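Since the structure comes first, as structure tokens, the remarks are kept for the end.
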Amino acid sequence: MSGREPASASATRWGKSLLSQDRRRRVVWLVNFVVVILGALVGGTITFLIGQCAQQRAARAELRLYTREVLSVEERLGSETRATLKAIQSDNLEFCSDAELLYMRQQLFRSALIRDIGRTRGDKLYCTTGRGRLSVALPRDTPNFEFEDRLVFRDIPLAIYPGGTGEVIESNGVSLVYSHEFFATLDHPPVFYTVFIVNSSKHQVFALYGPDVPLSVDEILTGALVERRNGELYEAICSDKYPGCIVGRLSVSAWAEQYRDFVLESQVAGGLLGAAIAFILLQFYHTRSMEVELRRAVRRGTLRLVYQPIVDLKTGRIVAVEALLRWSRRGRDVSPEVFVALAERRRFIGALTRWVIRNVILELGTTIEERHIRVTVNIASEDLKDLGFPAFLTDCLQKARLTANLIGLELTERSAAEGTSAATAIGLLRSLGHSIYIDDFGTGYSSLSYLHRLAPDAIKIDRSFTQTIGTEAVTAPVVPLILEMASKLNMLVVVEGIESREQAVYFNAAVPNGSPIWGQGWLFGKPMPVSELRSLLARNSATQR
Ligand SMILES: Nc1nc2c(ncn2[C@@H]2O[C@@H]3COP(=O)(O)O[C@H]4[C@@H](O)[C@H](n5cnc6c(=O)[nH]c(N)nc65)O[C@@H]4COP(=O)(O)O[C@H]3[C@H]2O)c(=O)[nH]1
């Protein structure tokens, strides 16, 4: 029996592996989705709770502010009333004379809250600031509230305003009509007030204006902050200058209603923020786990190398190959642009480069020596800073009995232009016999001064320029300039990303006769495993004979 697996069995296995990869991808997607939704829910709930808390605090602060504002008006009324009563009672002017009326009017003018001042004797009113001298019976209702020296009447007919009613204080021959409309200016739903006056023994309270409140006398007099079950918040505050108290009331639900849209919007914003944070954490987790897996792959050597041929455009001979790294993570190839960038960011690119160099020499060492071709490997700026890197390279080559000129080193313009230490390292690598290639030329710091300073052996024109050939792209005119500059500086040009014969023909014709120009791209071969490369090299040298 042959040890080989029948084609149908291997196809079934391949199909199953694809299915399980697909299932895993779906599970990962679902988990990510659930995490983001959970993040949104947590974010929304936290914002809701914070919002509730802030709303309650704001409601209490608003109630306190408002109650104090009403109290200050009440205190002002109290002090104006007392001062006016005292002034008239001790004016020493003839009762209801012109002089006294004038004096009473002056007192009225000074007050903002008193509307009318009158003089009484027995149960009659004899003059008022508004009506002058008169003689009318006082309404003899029982007062609503009695102090030792004062009586307070609510809603009694007014001499100054026939048909109208108002609040009156009577005390020792003086009666004052005062305005509680003034308080109306303090109406400010959803906060409301009730004004109380308190007797001198401070055991009795009387509601002067405003609705009844479900608070006990004690609660009012001790100045409590009370929350009733129906969501009403009460704050009582008593004056220390005047026998009066204010109870402020705020309906928490009415208060919340005012901020409903705001709370809803912040909840949505909190949800979005939660989702965004969950997403960022997931990304962070994936990057972290990608990093861990990549480090493990380097340690265990589960990375792969592929090689892409580089051809002399004049002769069609394969003159070099570029080694490119491949990594399969959980059954899927990760782009080198992604994992190389990750290794650079997390500063373990050195381990990758060393792995590549060791394995290139192992896989391809004898082949390149026999075929007289060069292999180029990508190195990073981190490698240039690594003082042990040149010695490592030399050591690997010596063990394999290879010469340094067989290994070319490709570095991007960015890493090559990174300060004088990079220049020194490049100089040292060149002196060891390695050729230096500036990769992706034209996309980074294409400055003449650094090219002159570093004197690399070759520049690799970036694929984006190759694609402009035969097009109207704005960068198309740059290509001849790069070629001319390279020729003047005596540098080899390698054109990257040649995909069509027209591009190859263009570049071949664009350099002066005798100047070398190499090309790399799908036209000559995609990156391939070492076994395929060996066959290609064999075919290529056969056609060159
Ligand atoms: N569309 C198109 N693409 C072409 C064509 N010819 C070549 N390519 C692609 O262009 C890239 C050339 O490599 P690079 O410029 O050094 O750019 C490399 C290099 O910067 C980096 N990289 C790859 N392997 C390594 C490595 O071992 N070490 C380091 N430091 N970087 C590496 O990742 C980059 C991407 O590598 P790859 O994905 O293998 O992509 C390769 C190659 O597959 C073409 O005709 N058309």
Side-chain angles (χ1 to χ4, degrees), residues 294 297-298 301-311 313 318 320-329 332-364 374-386 389 393 407-416 418 422 429 435-444 456 458-469 493-504 506-507 518-530 532-533 536:
L294 181 57
V298 178
T302 51
L303 299 158
R304 279 178 297 127
L305 280 169
V306 287
Y307 302 91
Q308 190 175 27
I310 299 174
V311 168
L313 289 184
I318 296 176
V321 292
E322 179 179 0
L324 294 159
L325 199 49
R326 293 290 179 264
W327 179 41
S328 296
R329 181 184 182 229
R332 284 175 80 187
D333 276 354
V334 182
S335 161
E337 314 252 5
V338 173
F339 72 81
V340 166
L342 174 70
E344 280 183 339
R345 241 186 2 260
R346 307 296 302 166
R347 297 187 182 275
F348 65 99
I349 186 73
L352 249 73
T353 309
R354 286 176 182 232
W355 187 92
V356 170
I357 289 170
R358 262 191 235 109
N359 284 276
V360 161
I361 291 175
L362 213 67
E363 287 184 356
L364 215 57
R374 180 182 293 161
V375 59
T376 63
V377 294
N378 289 281
I379 63 168
S381 58
E382 200 69 15
D383 299 313
L384 294 178
K385 290 179 196 149
D386 177 359
F389 183 63
L393 254 176
I407 306 272
L409 302 171
E410 293 192 14
L411 54 145
T412 57
E413 283 178 294
R414 193 162 40 84
S415 36
E418 263 179 23
L429 292 168
S435 298
I436 302 293
Y437 294 66
I438 301 296
D439 204 2
D440 304 334
F441 186 82
T443 56
I459 53 170
K460 293 187 80 176
I461 297 183
D462 188 67
R463 194 167 72 228
S464 55
F465 289 100
T466 312
Q467 282 163 354
T468 64
I469 299 310
V493 172
V494 183
V495 184
E496 289 188 303
I498 297 186
E499 292 179 359
S500 68
R501 199 148 294 284
E502 291 71 41
Q503 290 165 343
Y506 170 87
F507 280 103
W518 294 358
Q520 175 182 356
W522 293 351
L523 180 66
F524 311 111
K526 288 192 174 180
M528 59 192 84
V530 68
E532 259 180 57
L533 177 77
L536 180 73

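Both ligands and their constituent atoms are indexed starting at 1 by order of listing. Computed from a predicted model, the values in this text were never measured in an experiment.
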* Structure fact -> Ordered by chain then number, the protein residues lying under 4.0 Å from ligand 1 by heavy atom are Gln308, Glu322, Leu324, Leu325, Arg326, Pro336, Glu337, Val340, Val356, Asn378, Glu410, Asp439, Asp440, Arg463, Glu496, Gly497, Ile498, Glu499, Gly521, Trp522, Pro527
* Any side-chain donor near an acceptor of the partner, Thr466 and Gln503, under 3.5 Å -> no
* **Phe339 and Trp327 aromatic ring geometry - parallel, tilted or perpendicular at 30°/60° bounds** => perpendicular
* Flag the pair Leu305 / Leu325 as yes when at least one side-chain heavy-atom distance between them is below 4.5 Å, and no otherwise. => yes
* **Within-4.5 Å side-chain heavy-atom neighbours: Glu322 and Asn378** => yes
* Donor-acceptor contact present, side-chain Glu496 to main-chain Gln520, <3.5 Å -> no
* Side chain to side chain, Pro309 and Met528, heavy atoms closer than 4.5 Å -> yes
